[in-house]
Amino acid sequence: MNLIFLGPPGAGKGTHAQRMSIDLGIPHLSTGEMLRANIKAETELGKQAKGFIDAGELVPDQLVIDMLRERISQDDCKNGVIFDGFPRTVTQAQVLDTFVKIDHVINLEIPDEAIIDRMKGRRVCPKCGMTYHTSLLQGTTCTSCGTELIIREDDRPETVQARLVVYHEKTQPLIDYYQAAGILRNVDSVGTIDGVYENIQGALK
Ligand code: AP5
């Protein structure tokens with residue numbers, strides 16, 4: 001099964017995609033995480049992507065598509081994948097349609113005001129990529145691998161605002177795109193993490 005998690009920054013795409021990846025036994029492909037790993041490793045792609053990410057802009061389509069195509073050609077993706085943060089433009093969606101059949105698109109719905117609050121408390125593990133929120137966290141280390149948690153560079157309030165503007169302009173049109181394809185599943189992402197996850201499971205039945 002191939003799934004897409006769609007939604008604005010901070011909607012919970014990574015949180016639920018990580019959990020569903022374990023439940024379904026298929027890889028979680030976060031283009032944001034892949035790009036951050038490239039920046040950390042100082043690859044050519046990372047150097048090209050850094051300025052866009054720091055400004056809250058999208059990385060150019062072709063760079064992301066090439067990176068994603070390479071990842072999806074790997075053996076562990078042959079039984080399906082969970083896309084998180086891809087596609088993010090209609091161009092990316094059209095290209096994805098040429099090489100993957102998508103079964104469901106989970107569209108996480110949340111108002112902008114709630115997003116700002118969520119982003120203030122987000123902490124991430126720089127080693128394994130697990131995501132936490134300060135309101136639910138005891139201590140300052142990753143419960144999965146013990147690494148000290150960090151605040152993402154692009155979680156500064158002004159960058160979050162810029163990312164929301166980009167989301168509404170460039171990514172929101174994908175809601176109509178997948179609605180027209182008959183595979184959009186809208187899920188209210190306001191509520192507890194467990195409650196939202198149950199709603200996602202319900203939407204996939
Ligand atoms: P990316 O890493 O994909 O960021 P994003 O889409 O902006 O999404 P986030 O990771 O910020 O949020 P999320 O929805 O995963 O929420 P999370 O689960 O963490 O992309 C970063 C950048 O890379 C982009 O800006 C762009 O520059 C570039 N990029 C990536 N993909 C690209 C592409 N395809 N094309 C071009 N450029 C691309 O949750 C947020 C917080 O809320 C966490 O602390 C979590 O614990 C908490 N939380 C979650 N759910 C709940 C709940 N129900 N109740 C309370 N707290 C909750």
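Ligands are counted one by one from 1 in listed order, and the atoms in each one are counted from 1 as well.
When only interatomic distances are considered, the shortest N/O to N/O separation between G121 and ligand 1 does not fall below 3.5 Å. Considering backbone and side-chain atoms alike, G12 places an N or O below 3.5 Å from some N or O of ligand 1. Some N or O of Q92 is nearer than 3.5 Å to an N or O of ligand 1, by distance alone. Checking only distances, D154 never comes within under 3.5 Å of ligand 1, N or O to N or O. Considering backbone and side-chain atoms alike, G85 places an N or O below 3.5 Å from some N or O of ligand 1. The distance criterion of under 3.5 Å between nitrogen or oxygen atoms is met by V59 with respect to ligand 1. Some N or O of G191 is nearer than 3.5 Å to an N or O of ligand 1, by distance alone. Checked against a 3.5 angstrom limit, the closest N/O atoms of V64 and ligand 1 fall outside it. For a threshold of 3.5 Å applied to N or O pairs, the pair formed by S30 and ligand 1 contains no separation below that value.
The closest heavy-atom contact to atom 51 (C) of ligand 1, among the options H16, R163, R118, M34, comes from R118. Residue nearest to atom 3 (O) of ligand 1, selected from R88, K13, E33: R88 (by heavy-atom distance). Around atom 44 (O) of ligand 1, the closest heavy atom drawn from Y197, Y132, Y167 belongs to Y132. Among M119, R152, E57, the residue whose heavy atom lies nearest to atom 27 (O) of ligand 1 is E57.
Those atoms of ligand 1 with a heavy atom of A11 less than 4.0 angstrom away are 14 (O), 16 (O). Close approach of ligand 1 to G14 is summarised as follows: ligand atoms under 4.0 Å from at least one heavy atom of the residue are 13 (P), 15 (O), 18 (O). Each of the following atoms of ligand 1 lies closer than 4.0 Å to a heavy atom of I53: 23 (O), 27 (O), 28 (C). Ligand-side atoms of ligand 1 in range of T192: 53 (N), range being under 4.0 angstrom from any heavy atom.
Considering only heavy atoms from C-beta on, M119 comes within 4.5 Å of P9 through its side chain. At a threshold of 4.5 Å between non-hydrogen side-chain atoms, the residues I106 and L6 do not count as touching. Residues L3 and I102 are not in side-chain contact: their nearest non-hydrogen atoms beyond the backbone lie 4.5 Å or more apart.
Side-chain atoms of T31 come within 3.5 Å of backbone atoms of G85 as a donor-acceptor pair (strictly under, hydrogens ignored). Under the 3.5 Å distance criterion, the side-chain polar atoms of K120 are left unmatched by any main-chain donor or acceptor of D155. Side-chain atoms of Q172 do not come within 3.5 Å of backbone N or O of G7 as any donor-acceptor pair. Judged by distance alone, the side chain of R118 and the main-chain N or O of A11 form a donor-acceptor pair under 3.5 Å.
Partner of V105 under the side-chain contact (heavy atoms from CB on, under 4.5 Å) criterion, out of N2, I175, L184: L184 alone.
Nearest to atom 12 (O) of ligand 1 among the protein's heavy atoms is G10 N, 2.8 Å. Protein heavy atom at the shortest distance from atom 19 (O) of ligand 1 is R122 NH1, 2.6 Å. Remark: minimum distance from atom 39 (O) of ligand 1 to any protein heavy atom is reached at T15 OG1, 3.7 Å. Of the protein's non-hydrogen atoms, H133 CD2, 4.0 Å is the one closest to atom 47 (C) of ligand 1. Nearest protein heavy-atom contact of atom 43 (C) of ligand 1 is T131 CG2, 3.6 Å. Of the protein's non-hydrogen atoms, T31 OG1, 2.8 Å is the one closest to atom 31 (N) of ligand 1.
Using a 4.0 Å cutoff on heavy atoms, P8 counts as a contact of ligand 1. For the pair R36 and ligand 1, a heavy-atom separation below 4.0 Å is found. Distances from ligand 1 to the non-hydrogen atoms of G7 include no value under 4.0 Å.
Residue M130 holds its CE atom at 12.0 Å from OG1 of T147, rounded to the nearest 0.5 Å. For the atom pair OH of Y197 and OG of S189, the computed distance is 13.5 Å after rounding to the nearest 0.5 Å. Summarising the geometry, atom CE belonging to M67 is positioned 8.0 Å from atom CZ belonging to F86; distances are rounded to the nearest 0.5 Å.
Salt-bridge annotation for D76 and R71: present, with a side-chain N of the basic residue lying under 4.0 Å from a carboxylate O of the acidic one.
At a threshold of 4.5 Å between side-chain heavy atoms, the hydrophobic network of Ile, Leu, Val, Met, Phe, Trp and Tyr places L96 and L63 in one connected group. Y177 and L58 are assigned to two separate hydrophobic clusters, defined by single-linkage of ILVMFWY side chains at heavy-atom distances under 4.5 Å. Both L35 and I4 are part of a single hydrophobic cluster, where members link through side-chain heavy atoms under 4.5 Å apart.
Residue-level proximity to ligand 1 for L35 is carried by the side chain, the only part with a heavy atom below 4.0 angstrom.
Inspection of the D61 and T89 side chains reveals an N or O donor paired with an N or O acceptor under 3.5 Å.
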